[in-house]
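Reviewing the structure listed below.
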Amino acid sequence: MARAGLTTERLVRAGAELADEVGFEQVTVSALARRFDVKAASLYSHLRNSQDLKTRIALLALEELADRGADALAGRSGKDALGAFADVYRDYALAHPGRYTAARYPLDAETAAASAGPRHAQLTRAILRGYDLPESEQTHAVRLLGSVFHGYVSLESAGGFAHSAPGSRESWTRIVDALDSLLRNWPAR
């Protein structure tokens, strides 16, 4: 029987908070049970196993990121949209490191297709419309932006820029400027 007050949604949100505190890799049904001071078995009416919990946290993170991205893009275009969207990823990763890691958790094809993941690509393509990139080049540009955003955020989160000047925020701003310039001058095939 399910413990009163425990729901799948509450457990997933608590799992996401736990991921931010101790790291996504450390999230298990047992760790979550300890957080609620219950036996792990009492959570299995809500979650199949730790992989199910991690998948649900990943889906939550993808949804949160997509919602924030959509809000940031509203009414913006060009460099303004690019900067706002980039900041969503950086700010989310810094505020929610475990959830950010979860957003990259491997999902099966069916789950991925039904997730907010495709919205991320749609949002990025919406930014690219402001740069007049040919459709045949958009996938490359989406991958470039994702790689730069993720790479920078990963290095920054690991402390890679903490011991040198200028500060990481200044570099981030310059990188967004460089991406804007690159997108405006995308190489012809």
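The aromatic rings of His96 and Tyr92 sit tilted, their planes meeting at an angle between 30° and 60°.
Thr124 OG1 to Phe149 CZ: the interatomic distance, rounded to the nearest 0.5 Å, is 7.0 Å. To the nearest 0.5 angstrom, Ser42 atom OG is 10.0 Å from Leu47 atom CG. Between Tyr44 atom OH and Lys39 atom NZ the span is 13.5 Å, to the nearest 0.5 Å. Here the straight-line distance linking atom CD1 of Ile127 with atom CG of Leu73 works out to 4.5 Å at 0.5 Å rounding.
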Let's go through Trp186 and Leu128 carefully: what are the C-alpha distance in whole Å and the side-chain angles of both, what is the deciding distance for side-chain contact (heavy atoms from CB on, under 4.5 Å) to 0.1 Å, and is it a yes or a no?
CA-CA 11 Å; Trp186 191 262; Leu128 296 177; over 6 Å; no
Stepwise salt bridge (charged side-chain N to carboxylate O under 4.0 Å, His left out) test for Arg125 and Glu135:
CA-CA 9 Å; Arg125 286 177 190 277; Glu135 191 169 328; over 6 Å; no
Could you check Asp87 against Arg169 for salt bridge (charged side-chain N to carboxylate O under 4.0 Å, His left out), going step by step and ending with a plain yes or no?
CA-CA 10 Å; Asp87 285 346; Arg169 180 69 195 175; 3.3 Å; yes
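Looking at His46, its side chain does come within 3.5 Å of a backbone N or O of Leu6 through a donor-acceptor pair. When atom types are taken as modelled, the side chain of Tyr131 and the backbone of Asn185 share no donor-acceptor pair closer than 3.5 angstrom. Arg76 places a side-chain N or O within 3.5 Å of a backbone atom of Ala72 that can act as its donor or acceptor partner. Ser115 places a side-chain N or O within 3.5 Å of a backbone atom of Ala112 that can act as its donor or acceptor partner. Under the 3.5 Å distance criterion, the side-chain polar atoms of Asp20 are matched with a main-chain donor or acceptor of Arg99.
Contact check for Ile175 versus Leu179: side-chain heavy atoms found under the 4.5 Å cut-off. Residues Glu25 and Thr101 form a side-chain contact, since some pair of their non-hydrogen atoms from C-beta on lies under 4.5 Å apart. Counting heavy atoms from C-beta outward, Asp52 and Asn49 have side chains that approach closer than 4.5 Å. Within the 4.5 Å cutoff, the side chain of Gln26 has no heavy atoms near those of the Glu21 side chain. In this structure the side chain of Val12 never reaches within 4.5 angstrom of the side chain of Leu59, judged on heavy atoms. Contact of the Glu156 side chain with the Trp172 side chain is not registered, since no non-hydrogen atoms from C-beta on lie closer than 4.5 Å. A heavy-atom distance below 4.5 Å is not found between the side chains of Asp108 and Thr55. Counting heavy atoms from C-beta outward, Lys79 and Leu183 have side chains that stay 4.5 Å or more apart.
For Arg174, the CZ atom sits in a loose shell: 12 or fewer heavy atoms of surrounding residues, nucleotides or ligands are nearer than 6.0 Å. A 6.0 Å sphere centred on CD of Glu9 holds no more than 12 heavy atoms belonging to other residues, nucleotides or ligands. A 6.0 Å sphere centred on CG of Asp132 holds no more than 12 heavy atoms belonging to other residues, nucleotides or ligands. Other residues, nucleotides and ligands contribute only 12 or fewer heavy atoms inside 6.0 Å of the CZ atom of Arg143.
The hydrophobic cluster containing Leu62 does not contain Val153, counting ILVMFWY residues as joined when their side-chain heavy atoms lie under 4.5 angstrom apart, directly or transitively. Residues Leu18 and Leu94 are members of separate hydrophobic clusters, defined by side-chain heavy-atom contacts under 4.5 angstrom among Ile, Leu, Val, Met, Phe, Trp and Tyr. Hydrophobic clustering (side-chain heavy atoms under 4.5 Å, transitive across Ile, Leu, Val, Met, Phe, Trp, Tyr) keeps Leu65 apart from Phe24.
The minimum heavy-atom distance between Gly83 and Val176, with the atom names listed, is CA-CG1, 3.8 Å. Looking at every heavy atom in both residues, Ala113 comes nearest to Pro118 through O-CG, 3.8 Å. Counting all heavy atoms, side chain and backbone alike, Val38 lies closest to Leu43 at CG2-CD2, 4.0 Å. In plain terms, the two heavy atoms of Leu107 and Ala58 that are nearest each other are CD2-CB, 4.3 Å. Heavy atoms only, all atoms of each residue included: Leu11 and Leu32 are closest at O-CD2, 3.5 Å. Val88 and Gly69 make their closest contact through CG1-N, 3.9 Å (heavy atoms, listed as atom of the first residue, atom of the second, distance).
Aromatic ring centres of His150 and Tyr100 lie closer together than 6.0 Å. For Tyr152 and Phe161, the distance between ring centers is under 6.0 angstrom.
A salt bridge does not link Glu17 with Arg13: none of the charged nitrogens is closer than 4.0 Å to a carboxylate oxygen.
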